[in-house]
Protein chains: 2
Amino acid sequence: MSQTLEQPHLDQLRNLCSTCSLSRLCVPMGLAEADVEQLDNIVQQGRPLRAGEHLFRADDPFNAIYAVRSGCFKSYIVDSEGHEQVLGFHLPGELLGLDAIYPEHHRCSAVALDTGSVCTLPYSQLTQLAARVPGLQSQIFRLLSKDISNYVELAADHTADERLAGFLLSLSARFRRRGYSATRFRLIMPRRDIANYLRLATETISRVLARFQHNGLIQVERRDVELLDLDGLRRTAGSLHIESLS
Amino acid sequence: MSQTLEQPHLDQLRNLCSTCSLSRLCVPMGLAEADVEQLDNIVQQGRPLRAGEHLFRADDPFNAIYAVRSGCFKSYIVDSEGHEQVLGFHLPGELLGLDAIYPEHHRCSAVALDTGSVCTLPYSQLTQLAARVPGLQSQIFRLLSKDISNYVELAADHTADERLAGFLLSLSARFRRRGYSATRFRLIMPRRDIANYLRLATETISRVLARFQHNGLIQVERRDVELLDLDGLRRTAGSLHIESLS
DNA sequence: CGCTATTTTGAGCCGCGTCAATACGGGTGG
DNA sequence: CCACCCGTATTGACGCGGCTCAAAATAGCG
């Protein structure tokens, strides 16, 4: 809307998968260089979103899937009683909107937790390209399959300690792959969202974090955490420390 | 192994998607007739499995996805402490093994709950065909996306009553689509598996079923159930009565 | 410096799990 | 046909993990 004439051009330049540092963990992962250039032709960049702005909402028509470019997004559903249910937190290189393919409309909403931007992949163009580029087709299959595994983890039956330790380890691995510290990072999301995501109460998050700190597993100050004992956290997480979640 | 020479030929004939009554809710759903015939060329039929026999096990190499042809299958994972976690029950027309695409090996095991058979779709042939048949590619995207929604439901935070009512309604809708009664059916799986799937204790299943019966919602006798008050069950299920689960 | 949202901490309680005993049913062999 | 056995299901007693309710502490912000 209020963009200058140069703006789209600059975005275009900045927005090439070919030159994107996230490409090794996003859609272009493993694709041949020539194939990535084909992707560049259909990827669109929107304006950055500020914290609290929605990327899409439940029941919106499904037109595209999104790849997080910067910032952190939260996806969630609101059930018939109005209760929010957080489905995931999405870091740069991760995808949003995959569950909308089948019903052809969005089932969940996606909102920016801080300032962030996404790449838009128009679905019809993406499927057409995937039919011509076998590597891309396989990659989309893989990404969809990976998403299933994420939800399987979430659906598993675990104690509060296991869930929270697994959550911290998951964030740790994901930050590490993105070039950030695996042991010191900031929890972008409020306690309330962590609790909701892990199907626990906010108070339980506070208490378990306090206990982890007391036991020397972590150092936590508001939203800044430092993981002091990764092995201890892994033992606490039990079966929830699967690296593939990153 | 011990098949006669005629056996494979007979299987081949019986096994055509083109003539399969399940095709409207399986992989061929919505495909053009010519495309379904292409599918016929790659679909393989294995011998029937008896109750307790495994279709695949966790860590098996991933070669194919499977479509249930008859019977009921259970998929589950076993965590590092040896605890079983049921991921789903799979009726005719439903798929198995989708979560194995990304890691290229099976993450869960699949076992027959009663005598049943599956169609085998070799993955490399399936992807090659999907690249040539746009409708098939879209259909696989849809099926993967649908699987995500199933696990989202499972991961949601619900009471024992909601979970069990939602489970009964899900079975009801799935049986109905397959031409069976939506109100009278047999629970193929033992209480223990239902409990594990719903992340509850076996005793809780018994108690809640007994209470549902006392409240006139259902009539239950061992594994035979009759749903007496569908609306009451829907109200009990709360947000877990989404038909798309079928 | 007050206002508000977030986080922490405490007290009490409840749903569901655990443990244990009993009932049921289907198969097997005499 | 019955006696026996064993896996499945039911029922009861009890305890605990995590939720609810309430209030205080802390941080961010105009």
Side-chain angles (χ1 to χ4, degrees), chain A residues 50-52 72 74 81 83-86 111 113-115 156-168 186-215 218-225 236-238 240, chain B residues 50-52 72 74 81-86 89 111 113-115 156-168 186-215 218-225 236-238 240:
Chain A
R50 272 169 304 191
C72 178
K74 172 181 83 168
E81 289 98 44
H83 302 133
E84 181 175 319
Q85 191 89 246
V86 176
V111 62
L113 288 177
D114 54 356
T115 301
D157 180 33
H158 293 286
T159 64
D161 284 25
E162 290 169 339
R163 284 178 184 272
L164 195 44
F167 177 70
L168 292 173
R186 167 163 261 268
L187 300 171
I188 306 99
M189 63 294 289
R191 297 280 192 275
R192 195 187 145 278
D193 285 341
I194 299 175
N196 191 308
Y197 172 65
L198 299 176
R199 283 73 174 120
L200 297 168
T202 307
E203 297 91 327
T204 304
I205 303 298
S206 271
R207 278 187 259 264
V208 174
L209 283 178
R211 185 151 34 76
F212 281 1
Q213 171 156 347
H214 182 259
N215 295 343
I218 64 172
Q219 174 74 36
V220 57
E221 168 90 28
R222 283 292 196 171
R223 297 200 183 177
D224 294 303
V225 289
T236 306
L240 272 182
Chain B
R50 272 170 304 191
C72 178
K74 171 182 85 169
E81 289 98 46
H83 302 133
E84 181 175 319
Q85 191 89 244
V86 176
F89 303 106
V111 63
L113 287 178
D114 54 356
T115 301
D157 180 32
H158 292 286
T159 65
D161 284 23
E162 290 169 339
R163 283 178 184 271
L164 195 43
F167 178 69
L168 292 173
R186 167 162 262 269
L187 301 170
I188 306 99
M189 62 297 287
R191 298 281 191 276
R192 195 187 144 276
D193 285 341
I194 299 175
N196 190 306
Y197 172 66
L198 299 176
R199 282 73 174 123
L200 298 168
T202 307
E203 297 89 329
T204 303
I205 302 298
S206 272
R207 277 186 261 263
V208 174
L209 284 178
R211 185 150 33 78
F212 281 0
Q213 172 155 349
H214 181 260
N215 295 343
I218 65 171
Q219 176 72 37
V220 57
E221 168 90 30
R222 284 290 194 171
R223 297 200 183 178
D224 294 304
V225 288
T236 306
L240 272 182

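Everything quoted here is computed from the prediction, not taken from an experiment. Here is the naming used below: chain letters follow the sequence lines, and residue numbers restart at 1 for every chain.
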Just to be sure I understand the rule, does [X] reach a base, reach only the sugar-phosphate, or reach nothing, if contact means heavy atoms closer than 4.0 Å?
X: Ala160(A); answer: sugar-phosphate
X: Leu200(A); answer: sugar-phosphate
X: Arg199(B); answer: sugar-phosphate

Residue pair [X] / [Y], side-chain heavy-atom distance below 4.5 Å:
X: Leu113(B); Y: Phe89(B); value: yes
X: Phe212(A); Y: Val220(A); value: no
X: Thr236(A); Y: Asn215(A); value: no
X: Leu198(A); Y: Thr204(A); value: no

Margin query: Strictly below 4.0 Å: does Arg223(A) bring a side-chain N or O up to OP1 or OP2 of dT7(C)?
Written below: yes
Could you state the [atom1]-[atom2] distance from [X] to [N], rounded to the nearest angstrom?
X: Asp224(B); N: dA9(D); atom1: CG; atom2: P; result: 12 Å
X: Ile194(B); N: dA9(D); atom1: CD1; atom2: P; result: 8 Å
X: Arg163(B); N: dG15(C); atom1: CZ; atom2: P; result: 16 Å
X: Leu209(B); N: dT8(D); atom1: CG; atom2: C1'; result: 14 Å
X: Asn196(A); N: dT7(C); atom1: CG; atom2: C1'; result: 17 Å
X: Met189(A); N: dT7(C); atom1: CE; atom2: P; result: 11 Å
X: Leu164(A); N: dC19(D); atom1: CG; atom2: P; result: 12 Å
X: Arg211(A); N: dT8(C); atom1: CZ; atom2: C1'; result: 15 Å

Under 3.5 Å, N/O pairs linking protein and nucleotides 9-13 of chain C:
{"from": "dG10(C)", "atom 1": "N7", "to": "Arg207(A)", "atom 2": "NH1", "distance (Å)": "2.9"}
{"from": "dG10(C)", "atom 1": "O6", "to": "Arg207(A)", "atom 2": "NH2", "distance (Å)": "3.4"}

Spell out, as yes or no, whether a donor-acceptor pair under 3.5 Å connects the side chain of [X] to the backbone of [Y].
X: Arg223(B); Y: Ile188(B); value: yes
X: Arg199(A); Y: Tyr197(A); value: yes
X: Asn196(B); Y: Glu84(B); value: yes
X: Asp161(B); Y: Val208(B); value: no
X: Glu162(A); Y: Gly238(A); value: no
X: Arg191(A); Y: Thr202(A); value: no

Would you tabulate the pairs of protein nitrogen or oxygen atoms and nucleotide nitrogen or oxygen atoms of nucleotides 23-27 of chain C closer than 3.5 angstrom?
{"from": "dC24(C)", "atom 1": "O2", "to": "Arg222(B)", "atom 2": "NH2", "distance (Å)": "3.2"}
{"from": "dG25(C)", "atom 1": "O4'", "to": "Arg222(B)", "atom 2": "NH2", "distance (Å)": "3.3"}

Note to self: A quick test of your reading: do over 12 heavy atoms of other residues, nucleotides or ligands sit less than 6.0 Å from CD of Glu81(A)?
What the structure shows: yes
Notebook entry, point to check: Of the candidate nucleotides dG17(C), dT7(C), dG18(D), which contains the atom at the shortest distance from the side chain of Pro190(A)?
Noted result: dT7(C)
Notebook entry, point to check: Looking at CG of Leu209(A) and CD1 of Ile194(A), how far apart are the two atoms once the value is rounded to the nearest 0.5 Å?
Noted result: 7.0 Å
Next item on the list: Would you mind reading off the bend of the helix from dC1(C)-dG30(D) to dG30(C)-dC1(D) from its two end axes, five pairs each, to 10 degrees?
Entry: 40°
